[in-house]
Enquirer: 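So that we are looking at the same thing, I have put the structure below in structure tokens.
All chains are named by letter (A, B, ...) in the order of the sequence lines, taking the proteins before the strands, and each is independently numbered beginning at 1.
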Amino acid sequence: MRYSQAFIPTLREVPSEAQIPSHQLMLRSGMIRQVAAGVYSFLPLGYRVVKKVITILQEEMDRIGGQEFHLPALNPIEIWEATDRVAAMGDVLFRLENRRNLVLAPTHEEIITYHARQHIKSYKELPQIWYQIQTKFRNEPRPRSGVLRGRQFLMKDSYSLDATWEGLDQSYQKHYEAYHRIFSRAGLRFFVVGASSGAMGGSASQEFMVESPHGEDTCALCDHCGYAANLEVATSALPPVPRLDPSPPLELFPTPHAKTINDLIEQFGVPEERCAKSVVYIVNSQPVLILMRGNDELNEEKLAAALQTTQFRPAEPEEIADIFGAAPGSIGPINVPDSVRILADTLLRETNGLISGANKDGYHYKNIDLVRDVGTIEYFDLRTVREHEPCPQCQQPLRIVRAIEIGHIFKLGTKYSEALGATILLEDGSEQPIIMGSYGIGVERIIACYIEQNHDDKGIIWNPALTPYDLLLIGINVHKDSAVRDIAEKLYEQLQQANFSVLFDDRAVSAGIKFNDADLLGFPLQLIVGPRTLKEQTVEIKIRRSGERLHVPLDAAISTVQEWYHKLSEAET
RNA sequence: CGGGGCGUAGCGUAGUCCGGUUAGCGCGCCUGCUUUGGGAGCAGGAGGUCGCAGGUUCGAAUCCUGCCGCCCCGACCA
């Protein structure tokens, strides 16, 4: 491609709406343009990168036996009602005003299961891995960070269909390995975390993460043993609050000015871990009292997993007063109405000597014994792990980092096959729902994360795997100097014949502009031909990543490019 | 949805508080001449419903009301 004829609208200045490097550089390099909040056009240069990512995805999915589909974005709403996901997705599901029986698909479990039900009748036809790379629509409440969270985005989604749970484990493992290869080939530094399966009812789930301050997820990492978990499921080896022996007697005491755990600690000098913080949630319109150690933070994802529902919210102060007869600062587990379910974090399991509100304004109890003084308590891991807590595997301090989710693998089970009646007959003649897995990769996120990890103050630094063109041939003064032009044209021909995709900067602009655009666009290699090199019968090869410049004789140009390209490609794997 | 910010030419912005000639500047764009290895110089030129609608006023980018859009933080995100 000749640059003079290419549509590559680069920007010298940073558009004000772009806050993070990948967004800024994708705009500045002419890869994307915004059309609406969370909606972007890919311009030719950006789309070349998309196609390269898609090729990697297809190759690796095909390698594990995946078969590519192209499913419709328009879905009948009935099928979404059948799995109860119209309600579950809520406002995130796009609906159509002038065709109300259709919705825009945010994911494709339903359609896949629909086709499985149509045609898969026997265990003999399984396993299957079905995938597609397609546009998803999600009415995100707040799109952000360029293409990192959009209302319309590309996703590689795949689904495994198995007759047995062991089969599901194998399909899941194949995806795990394929995902490793995909992200490695894309040149990403990433890690895998255990994740919540949430209210979807699946059994196991892992997320592929890229560490970034711009990420929307938070993970606990152990650099020592490799433990990694999303904070929604992360645990630590923090010891539980030990029992006192003998158990001291329950005692009511006035605390007129203590509304928070910190007040209690300051005013009465009590140890933080002996305080039991009481929080109240309304779960399916029933009150639930939750006891947390000291100032530990309740994790709502863990609560959702414990309660097996996401239909809950913190209680309002008025509701708390109605139920407990006291303000939020004075409630506790003693004298709780029978209708209130009591949960406690596992750190408090069957312990004693605790201080908590007395359900009487201005009073607390001390020496509460959860076994002696409180009715039925259900214990769950509910607390949010904090920085520096000991790793649950090796006791070394945990690190808490922000991360961007680029892939998610998920053992679904039979939720969708049951809801939609996708069943098979087994060898013994019995009928059973197909056992499914679902696996997703965000295409734009791979690109944005790559740029987040591979840029400098001048621009993007592409590797051979994702670069929109293999290399940039820069002709200095080609429009004025016919000797340079002849050489440049010849190299342009030869490079293409050697199977390189080449962008040939033949524009009639100054050298400085060409060099700056070259660094901004970030192709792995720049081949520079100008009057200066011509005098010595050489060309200059600049390696974008290192900034290294080689001067090679004209007749060695192609072979040197091939060598270096090979070297750069090797370095990736 | 809560909080904050913003909307003036393709991009970046000044002007808005305190209403008043023709809305200014840099980059980019067009023409000519000169220049030519890290975003050239000179000269000339094109390009604006000041987000939209209504209101106040002799007069509105500027004041008032409503709406729309975009960004950031939070909530949310199988």
Enquirer: Looking at every strand, decide which applies to A:E300 at a 4.0 Å heavy-atom threshold: base, sugar-phosphate, or nothing.
Expert: sugar-phosphate
Enquirer: Rounding to an integer number of angstrom, what distance separates B:G7 and B:G51 when you compare their C1' atoms?
Expert: 6 Å
Enquirer: Applying the Watson-Crick and G-U wobble criteria at under 3.5 Å, what pairs with B:C29? Answer none if nothing qualifies.
Expert: B:G45
Enquirer: So among A:Y469, A:F523, A:Y450, which one has a ring-ring contact (aromatic ring centres under 6.0 Å, His included) with A:W462?
Expert: A:Y450
Enquirer: Watson-Crick or G-U wobble partner for B:G7, using a 3.5 Å limit on both distances?
Expert: B:C68
Enquirer: Taking CD from A:E232 and P from B:C77, how many angstroms apart are they, rounded to a whole number?
Expert: 10 Å
Enquirer: Side chains of A:S158 and A:K156: donor-acceptor distance under 3.5 Å anywhere?
Expert: yes
Enquirer: Rounded to whole Å, how long is the line connecting atom CD1 of A:I404 with atom C1' of B:C77?
Expert: 15 Å
Enquirer: Where the side chain of A:R549 is defined as all heavy atoms beyond and including C-beta, which of B:C11, B:A75, B:G37 is the nearest nucleotide?
Expert: B:G37
Enquirer: For A:W130 together with A:F69, are the ring centres under 6.0 Å from each other?
Expert: yes
Enquirer: Is the distance from OP1 or OP2 of B:C6 to the nearest side-chain N or O of A:S16 less than 4.0 Å?
Expert: no
Enquirer: Taking atom C1' in both B:C18 and B:U22, what distance in whole Å separates the two?
Expert: 23 Å
Enquirer: Have A:H408 and A:S205 got a donor and an acceptor in their side chains that come within less than 3.5 Å?
Expert: yes
Enquirer: Both A:H479 and A:M155 contact RNA chain B. Taking the nearest nucleotide for each, which residue is further toward the 5' end?
Expert: A:H479
Enquirer: On a whole-Å scale, what distance lies between the P atoms belonging to B:G19 and B:G12?
Expert: 29 Å
Enquirer: For B:C30 versus B:G69, give the span between their C1' atoms, rounded off to a whole number of Å.
Expert: 32 Å
Enquirer: Rounding to an integer number of angstrom, what distance separates B:G20 and B:A61 when you compare their P atoms?
Expert: 10 Å
Enquirer: Using atom C1' of each nucleotide, how far apart are B:C27 and B:C67 to the nearest Å?
Expert: 34 Å
Enquirer: Which of the following nucleotides, B:C27, B:G37, B:C70, is nearest to the side chain of A:R12?
Expert: B:C27
Enquirer: Does the side chain of A:I543 reach to within under 4.5 Å of the side chain of A:P524, using non-hydrogen atoms?
Expert: no
Enquirer: Can you work out whether A:A36 or A:E216 has the more 5'-proximal nearest nucleotide on RNA chain B?
Expert: A:A36
Enquirer: Heavy atoms from C-beta onward define the side chain here; which of B:C71, B:G37, B:C11 lies closest to that of A:E17?
Expert: B:C71
Enquirer: Students often get this wrong, so: under 4.0 angstrom with heavy atoms, is A:P9 touching a base, only sugar-phosphate, or nothing?
Expert: nothing
Enquirer: Rounding to an integer number of Å, can you tell me how far A:N516 CG sits from B:G37 C1'?
Expert: 12 Å
Enquirer: Starting at atom CZ of A:R151, determine the distance to atom C1' of B:C70, rounded to an integer number of angstrom.
Expert: 11 Å
Enquirer: Do we see a donor-acceptor contact under 3.5 Å between the side chains of A:N139 and A:R95?
Expert: no
Enquirer: In the structure I gave you, are the side-chain heavy atoms of A:K542 and A:L525 within less than 4.5 Å of one another anywhere?
Expert: no
Enquirer: Ignoring the backbone of A:S510, work out which of B:G74, B:G12, B:A40 is nearest its side chain.
Expert: B:A40
Enquirer: From the options B:G39, B:C72, B:C77, select the nucleotide whose nearest atom is closest to the side chain of A:R149.
Expert: B:C77
Enquirer: For A:A37, report the nucleic acid contact type (base, sugar-phosphate, nothing); a contact means any heavy atom under 4.0 Å.
Expert: sugar-phosphate
Enquirer: Between A:F208 and A:F183, does the ring centre distance come in under 6.0 Å?
Expert: yes
Enquirer: Base, sugar-phosphate, or nothing for A:P15, non-hydrogen atoms under 4.0 angstrom?
Expert: sugar-phosphate
Enquirer: Over how many whole Å does the gap from A:L520 atom CG to B:C27 atom P extend?
Expert: 19 Å
Enquirer: When you check the side-chain N and O atoms of A:T235 and A:D381, is any donor under 3.5 Å from an acceptor?
Expert: no
Enquirer: With both distances under 3.5 Å as the test, what is the Watson-Crick or G-U wobble partner of B:C17?
Expert: none
Enquirer: Classify the nucleic acid contact of A:D517 as base, sugar-phosphate or nothing, counting any heavy atom under 4.0 Å across all strands shown.
Expert: base
Enquirer: Can you tell me the pairing partner of B:A40 across any strand shown, Watson-Crick or G-U wobble, with both distances under 3.5 angstrom?
Expert: B:U34
Enquirer: Could you check how far CD of A:E540 sits from C1' of B:G37, rounded to whole Å?
Expert: 8 Å
Enquirer: Looking only at atom C1', what distance separates B:G15 and B:U8, rounded to whole Å?
Expert: 9 Å
Enquirer: By nearest atom, which of the nucleotides B:C11, B:G37, B:G38 is closest to the A:T533 side chain?
Expert: B:G37
Enquirer: Return the pairing partner of B:A61 with a 3.5 Å limit on both distances, Watson-Crick or G-U wobble; otherwise return none.
Expert: none
Enquirer: Assign A:V92 to base, sugar-phosphate, or nothing according to its heavy-atom contacts below 4.0 angstrom with the strands shown.
Expert: nothing
Enquirer: Ignoring hydrogens and geometry beyond distance, is the side chain of A:E13 in donor-acceptor contact with the base of B:G28 at under 3.5 Å?
Expert: no
Enquirer: Could you tell me how far apart A:R28 (CZ) and B:G39 (C1') are, to the nearest whole angstrom?
Expert: 11 Å
Enquirer: Indicate, with a heavy-atom threshold strictly under 4.0 Å, whether A:S145 touches base, sugar-phosphate, or nothing.
Expert: sugar-phosphate
Enquirer: Return the value, rounded to whole Å, for the distance between atom CD of A:Q34 and atom C1' of B:G10.
Expert: 15 Å
Enquirer: Determine whether any donor atom in the side chain of A:N477 lies under 3.5 Å from an acceptor atom in the base of B:G37, or the reverse, and answer yes or no.
Expert: no
Enquirer: In whole angstrom, give me the gap between the P atoms of B:C68 and B:C52.
Expert: 15 Å
Enquirer: Find the partner of B:A75: check Watson-Crick (N1-N3 plus N6-O4 or O6-N4) and G-U wobble (N1-O2, O6-N3) distances, both under 3.5 Å, and reply none if neither fits.
Expert: none
Enquirer: Any N or O donor-acceptor pair under 3.5 Å from the base of B:C1 to the side chain of A:R142?
Expert: no
